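From a predicted model like this one, the values you see are computed outputs, not experimental measurements.
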Amino acid sequence: MAHQADQHAAHHLGAPSDEVRGKIRAAAARLGRRRFLTATSAAAALAFTTNLPQAHAAEVPPRALAENPFTLGVASGDPLPDSVVLWTRLAPRPYEPGNGLPPAGLVRVTWELAHDERFARVARRGTALAHAEFDWTVHVEAGGLAPDRVYWYRFRAGTWVSPVGRTRTTPARGIRVAEARFGLASCQAYHDGYYTALGHLANEDLDAVFHVGDYQYEYAVDAAGGARRYTDHALPDLFNQETVTLEDYRLRYALYKTDPDLQAAHAAFPWYVTWDDHETENNYAGGTDEDGNPPEEFLIRRAAAYRAYWENMPLRMPQRPYGPDMRLYRRFHYGRLAQLDILDTRQYRSDQAYGDGWQYPGPESEDPARTMIGATQERWLLDGFRRSTATWNVLPQQVVFSRRKNTTEARSKLSMDAWDGYPASRERILAGAEQAGVANLVVLTGDVHVGYAMDIKRDFDDPASRTVGVEFVGTSVSSGKDGADKPANWATFMAANPHLKFYNGRRGYCVVSLDAEQARADYKTVSAVTVPGGTLSTAASFATEAGNPGLRQV
C-alpha cells in the first residue's frame, strides 16, 4: 500500500506537462509516412493519457474463453509488510495482437491468496477486471496481509485456473531481521539463448528477486528464436522486426513470457523490477534515442514502451505511466536490516558525452551539470540516505557505478553510457552518502553481461583511497550467448582496475545475502545457454563486513 513510509516516492506523476504534450502533437503533425509510425499510431500515442478502461465496457462472457487464457503465467512484486502486487495477463493466443480476445470489453477475474499451497486456508480473495485497454493484464494490490509471511496465489477466469504462484511480504520496518536473500538478474535477450539461469534461480531459497533491466530487447527475433535454433516449431514472422509501436512491445512481452523458466522464476518469488535501455531502445538517454531522431518523435515510441512495460510487470498503480513519463524509482525497507532504493538511470539522464561508447573523459563528460538520474531523483535518493536507519543501504540500478578503465595507461577510455560518463553525478551520490553517515553501501548492477565484484573507492584516481561501499554486478541471463569464464580483456581489466576483485563472462545470476554482520554475493553461472539444460555452478563468492567496507573472497 502506498501509505507505507517512503512510498511517497511512488505517487502519480500527474498528466504530462503542456511542453511534453506539445512536443508529441508537433511530432504527430510531421510524421507523415515515416518507417515506424503511421498517423493511426501517432494518434494512439496521443491517446495514451486517456486510453483508459471505459466505465461501462461490455463484459466478455465466460463461454468466450474457450482456450486457456493463462499462457503467460503469474507474477508478484513490490512486496510491503501488509501487501503485494499480483499479476497475470489473459492471452489464450499470445502470439496474436490482442491476445486472441475481443478488441474491446473486460473479463472478470477472481483471485485467491492463501496460507498454503493447496488453498485450504485462504487469507484473501477478490475480483479484478482485465480490460482490453490494458491488453488484458491484471494488477491486484492484495492488502491486509501479515508481515514477513509466505503466501500462495492463483487466478480464475471462466472455467480456467492459473498456475499457482508463491510470494512473500516484507518484515515490518522497525523490527530486527536476521537475514535476507535476494536474487539479482538482468539482460535476457530471447534471441541469444535459453533462460536456463532463471530455471535454476527458481530453485533457490530467496525472499525476492531484483531484476535490474533489459527484461526484453527491441531487436528482431527470427522464426528459429535466434540462438535457440528451434526445430520443432517456428515463431510467427511478426516477431522478426524491431519493436517500435505499442502492439510491437506488447507482443514481444508475450513472446518472452511464454518461456517456462521465466514463468517459474516469477512464480517462485516476488520481483522488484526496474528497466534499462532495451525495454525501449538501445542506449537511449532521456528523450534522446540512439539514432539522433528529434526527441519529440522518440517520446511517442517511449510512451508505447513505457505503457507496455507497466502492463506486463507486477507494479502498483502509482507506477502507471502518463504518456512518455513513468516514475519507476521507489523505496522499500526490509525491517531494520536494509533500505532498498531502486533507481531509474535512463529516463532522466543527460545525453551520453562524446557520442557515447568508450571515450577519453574530458570537459564534456566531466561537466558538473550532467546528471545520470535527474535532479528530482537525486534529491529523493540523498534525502533517503539522510533518513535511513538501516544496516545496509542497497541501490538496485542499471549501469556500472564504479570506474572501469580499459587500458593500464594513466589516461584511459571509459564507458560514456555508465556512471564513468557522469562522474559529477556519481560524486554527488558518494558525497551525499558520506554526509549522511551511510556506512554500508551496496550497489547492485546489470547491463554489461558479465559478473564483477568491485570496491567503490572514494577517489578512483587513488587506489589507496578509502573504500566507501561495494558493487555487485550480475551477469546476464542470456545476452551475449554462452560467454567465457575469462573474456578476452580479462587480464587487462584486472590489471587496470585494482578495485576490481572478480570478473567472469559466463551467463547466470547472483544471490545476494544480507545479515547484521556482512553482505555476500554468490556468483552463479551456467555452462551454456545456446542449448537447453546448462548446468549450474558457483564461480566465486565475495563478502563485505558491516562497518568495514571492502570485498574479500569467501
Walk me through whether Asp341 and Arg330 qualify under salt bridge (Lys or Arg N to Asp or Glu O under 4.0 Å). CA-CA 6 Å; Asp341 290 318; Arg330 57 212 192 278; over 6 Å; no

Please evaluate residues Arg302 and Met326 with respect to the criterion side chain to side chain contact (heavy atoms under 4.5 Å, CB included), reporting the C-alpha separation (whole Å), side-chain torsions for both, the decisive distance (0.1 Å), and the verdict. CA-CA 10 Å; Arg302 200 177 88 171; Met326 178 172 164; over 6 Å; no

Please evaluate residues Gln397 and Thr445 with respect to the criterion side-chain hydrogen bond (donor to acceptor under 3.5 Å, both in side chains), reporting the C-alpha separation (whole Å), side-chain torsions for both, the decisive distance (0.1 Å), and the verdict. CA-CA 5 Å; Gln397 55 95 54; Thr445 302; 2.7 Å; yes

With the side chain counted from C-beta on, respond yes when [X] and [Y] share a heavy-atom pair under 4.5 Å apart, and no when they do not.
X	Y	value
Gln377	Leu343	yes
His499	Pro463	no
Glu366	Glu364	no
Lys457	Thr467	yes
Lys486	Met494	no
Arg404	Trp358	yes
Trp380	Arg331	yes

For the side chain of [X] and the backbone of [Y], is there at least one donor-acceptor N/O pair under 3.5 Å apart?
X	Y	result
Asn497	Phe493	yes
Gln188	Val477	no
Arg507	Gly505	yes
Ser388	Ala390	yes
Gln359	Ser415	no
Thr544	Gly550	yes

Kindly compute the distance separating [atom1] ([X]) from [atom2] ([Y]), expressed to the nearest 0.5 Å.
X	Y	atom1	atom2	answer
Ser83	Glu141	OG	CD	6.5 Å
Tyr503	Met454	OH	CE	11.0 Å
Thr288	Asn293	OG1	CG	10.5 Å
Thr170	Leu337	OG1	CG	12.0 Å
Ser365	Tyr354	OG	OH	5.0 Å
Cys187	Tyr217	SG	OH	4.0 Å

Looking at Lys501, I'd like to know if its NZ atom is crowded, meaning that more than 12 non-hydrogen atoms belonging to other residues, nucleotides or ligands lie closer than 6.0 Å. yes

So with a 6.0 Å cut-off around CD of Glu517, is the heavy-atom count from everything else above 12? no

Residue pairs, two or more places apart or on separate chains, that pass side chain to side chain donor-acceptor pair (under 3.5 Å) and touch residues 191-201: none

Non-hydrogen atoms of [X] and [Y] that approach each other most closely:
X	Y	value
Ala189	Ser478	O-OG, 2.8 Å
Leu262	Lys257	CD2-CA, 4.0 Å
Asp367	Ala424	O-CB, 4.0 Å
Gln339	Phe385	NE2-N, 4.3 Å
Ala172	Pro147	N-CB, 3.8 Å
Met372	Tyr422	CE-CD1, 3.4 Å

[X] bridged to [Y] by N-O distance under 4.0 Å:
X	Y	result
Arg168	Asp207	yes
Arg506	Asp482	no
Asp417	Arg346	yes
Lys524	Glu204	yes

Centre of [Y]'s six-membered ring, under 6.0 Å away, within 45 degrees of the axis: is that where NZ or CZ of [X] sits?
X	Y	result
Arg307	Tyr249	no
Arg320	Tyr322	yes
Arg316	Trp310	no

Identify the residue among Tyr309, Tyr190, Tyr219 that makes a ring pair (Phe, Tyr, Trp, His ring centres under 6.0 Å) with His278. Tyr219

Here's a test for you: under ring pair (Phe, Tyr, Trp, His ring centres under 6.0 Å), which of Trp392, Tyr272, Phe182, Phe210 qualifies with Tyr334? Phe182

Stepwise salt bridge (Lys or Arg N to Asp or Glu O under 4.0 Å) test for Asp515 and Arg520: CA-CA 9 Å; Asp515 61 31; Arg520 170 177 172 146; over 6 Å; no

Kindly indicate, with the supporting measurements, whether the criterion side chain to side chain contact (heavy atoms under 4.5 Å, CB included) is fulfilled by Glu218 and Thr280. CA-CA 7 Å; Glu218 76 276 26; Thr280 302; over 6 Å; no

Arg403 vs Asp459, salt bridge (Lys or Arg N to Asp or Glu O under 4.0 Å): CA-CA, chis, key distance, verdict: CA-CA 10 Å; Arg403 174 170 294 179; Asp459 179 3; over 6 Å; no

Please identify which of these residues, Thr525, Leu184, Leu536, meets the side-chain contact (heavy atoms from CB on, under 4.5 Å) condition with Tyr509. Leu536

Under a 3.5 Å cutoff, is there a donor and acceptor pairing between the side chains of Glu290 and Asn282? yes

Regarding Ser350 and Thr371, do their side chains bring together a donor and an acceptor under 3.5 Å, going by distance alone? no

Exercise answer: donor-acceptor pairs, residues 428-444 side-chain atoms, under 3.5 Å, sequence neighbours excluded:
{"unit_1": "Arg428", "atom_1": "NE", "unit_2": "Glu378", "atom_2": "OE1", "d": "3.2"}
{"unit_1": "Arg428", "atom_1": "NE", "unit_2": "Glu378", "atom_2": "OE2", "d": "2.7"}
{"unit_1": "Arg428", "atom_1": "NH1", "unit_2": "Pro368", "atom_2": "O", "d": "2.9"}
{"unit_1": "Arg428", "atom_1": "NH2", "unit_2": "Arg370", "atom_2": "O", "d": "3.0"}
{"unit_1": "Arg428", "atom_1": "NH2", "unit_2": "Glu378", "atom_2": "OE1", "d": "3.4"}
{"unit_1": "Glu434", "atom_1": "OE1", "unit_2": "Arg458", "atom_2": "NE", "d": "3.3"}
{"unit_1": "Glu434", "atom_1": "OE2", "unit_2": "Arg466", "atom_2": "NH2", "d": "2.3"}
{"unit_1": "Asn440", "atom_1": "OD1", "unit_2": "Gly547", "atom_2": "N", "d": "2.7"}
{"unit_1": "Asn440", "atom_1": "ND2", "unit_2": "Thr391", "atom_2": "O", "d": "2.9"}

Consider side chain to side chain donor-acceptor pair (under 3.5 Å). Of Asn406, Asp420, Thr492, which one does Ser412 pass it with? Asn406

Centroid-to-centroid, Tyr452 to Phe502, below 6.0 Å? no

Should the pair Trp275 and Tyr306 be assigned to parallel (<30°), tilted (30 to 60°) or perpendicular (>60°) ring geometry? parallel

